[in-house]
Amino acid sequence: MKTIYLFDVDGTLTPARKQMERGFRNFFSKFCKEFPVYFVTGSDRPKLDEQLPIEIRNAAEGIFTCAGTEFWRKSELVDQRHHEFDKELISTLERIIDLSPYKGRYGKHFEFRTGMVNVSIPGRNIPQEGREAYYHWDRAYGERQAIIKSLARFFPEYTVAAGGQISVDVCPKGWTKAQVLTRLKTWHPDCRFVFFGDKMGADGNDRPLADVIWADSSDNQAISVEDPQQTQTMLESIYRAGHAEQLLELCA
Ligand SMILES: [Mg+2]
């Protein structure tokens with residue numbers, strides 16, 4: 001059975017918001033040329049382009065950005081979905097930002113993407129050190145978890161998940177990474193799917209896709225990784241095993 005590989009980007013293939021590291025990049029471009037690969041990122045296309053080099057983007061079968069509301073082949077946008085966000089939701093988020101006990105505010109608290117709004121308490125203009133500081137503060141005080149819980153209660157028509165280190169992603173219910181599986185299955189009906197992601201915990205943005213992948217077939221796998229190094233180690237062993245299999249087929 002043929003395997004289709006799906007990858008989250010931030011934290012799975014690259015350090016958060018940064019470019020892919022050189023050693024991984026060399027190996028991964030070989031991997032993408034030999035195995036069918038799709039990217040499934042919460043980010044928009046300009047961010048993905050900063051993170052993954054062109055030879056890797058072009059070697060992929062396809063790229064889902066904005067949690068699957070946009071689909072690209074190479075640099076061509078094939079299709080996208082649209083949504084008008086509830087005004088009440090946006091004003092509630094503004095109040096949450098105002099009332100947060102976290103001190104630092106750096107601007108750019110909202111980023112609207114196709115089918116998603118990314119909301120950051122400290123703001124996306126935060127410098128790298130500030131980003132780390134907020135991330136540790138949030139882990140200790142659980143601010144993002146609290147936001148996720150209260151929005152789920154008052155705006156049940158939306159899904160909220162922790163994204164990256166400093167923000168939450170809000171999208172219409174069902175407009176999560178999970179939406180990509182239906183399409184992938186129509187393109188690859190007799191294949192198994194293996195998905196790598198770093199946010200598969202209960203409120204993580206890889207969890208919805210992991211859930212439908214597990215539910216779809218016991219041949220599928222959703223693999224939770226700690227960081228890009230772990231992804232690389234696993235892919236290297238898949239790559240070696242794939243080659244051994246090809247050799248066995250040649251000898252048969
Ligand atoms: Mg990630």
Side-chain angles (χ1 to χ4, degrees), residues 4-21 24-25 28 31-32 37-53 56-57 60 62-72 111 113-122 124 126 128 131-132 134-136 138-139 142-145 147-148 159-171 175-181 184 193-214 220-235:
I4 309 292
Y5 293 93
L6 317 176
F7 295 95
D8 164 54
V9 177
D10 251 20
T12 300
L13 294 177
T14 74
R17 301 281 301 108
K18 290 194 185 139
Q19 288 185 346
M20 196 170 205
E21 278 164 9
F24 191 10
R25 180 178 160 161
F28 193 63
F31 188 93
C32 293
V37 163
Y38 287 84
F39 302 119
V40 188
T41 176
S43 298
D44 59 14
R45 186 63 203 247
K47 282 200 195 63
L48 179 91
D49 290 353
E50 283 167 23
Q51 290 177 277
L52 297 183
I56 287 177
R57 288 170 350 232
I63 301 171
F64 293 97
T65 51
C66 305
T69 55
E70 292 180 345
F71 179 67
W72 307 73
E111 190 171 76
R113 302 174 190 161
T114 306
M116 184 210 285
V117 56
N118 176 275
V119 187
S120 170
I121 300 280
R124 300 187 64 82
I126 191 169
Q128 187 64 34
R131 183 178 278 272
E132 299 286 334
Y134 178 78
Y135 178 67
H136 291 294
D138 177 57
R139 276 179 67 156
E143 174 165 78
R144 290 193 295 173
Q145 289 307 314
I147 295 173
I148 288 167
T159 297
V160 190
Q165 291 177 299
I166 56 160
S167 56
V168 296
D169 294 332
V170 185
C171 58
W175 290 36
T176 62
K177 290 187 182 184
Q179 64 189 313
V180 309
L181 187 64
L184 288 165
F193 298 96
V194 176
F195 172 45
F196 288 82
D198 71 320
K199 292 275 186 296
M200 288 188 191
D203 296 312
N205 64 358
D206 294 322
R207 183 55 176 260
L209 179 55
D211 279 341
V212 293
I213 286 214
W214 283 317
N220 294 341
Q221 277 180 290
I223 300 171
S224 171
V225 295
E226 289 290 316
D227 51 35
Q229 287 71 28
Q230 193 184 357
T231 310
Q232 182 176 356
T233 308
M234 287 179 166
L235 294 184

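Just follow the structure's listing: the first ligand is 1, and inside any ligand the first atom is 1. Please read these numbers as outputs of a predicted model, since none were measured by experiment.
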Please determine if Glu111 and Arg124 form a salt bridge, counting it only when a charged side-chain N lies under 4.0 Å from a carboxylate O.
yes
Thinking salt bridges, do Lys177 and Asp8 make one under a 4.0 Å N-O criterion?
yes
Side chains of Gln51 and Asp10: any donor to acceptor distance under 3.5 Å?
yes
Which of the protein's N, O or S atoms come within less than 2.8 Å of the Mg ion (ligand 1), not counting waters?
Asp8 OD2, Asp10 O, Asp198 OD1
Reference residue Phe7; test side-chain contact (heavy atoms from CB on, under 4.5 Å); the match among Val225, Leu52, Val40, Leu235:
Leu235
Nearest heavy-atom pair of Pro122 and Ile166: which atoms, and what distance?
CD-O, 3.9 Å
Taking only residues two or more places apart in sequence or in another chain, which ones pass ring pair (Phe, Tyr, Trp, His ring centres under 6.0 Å) with Phe195?
none
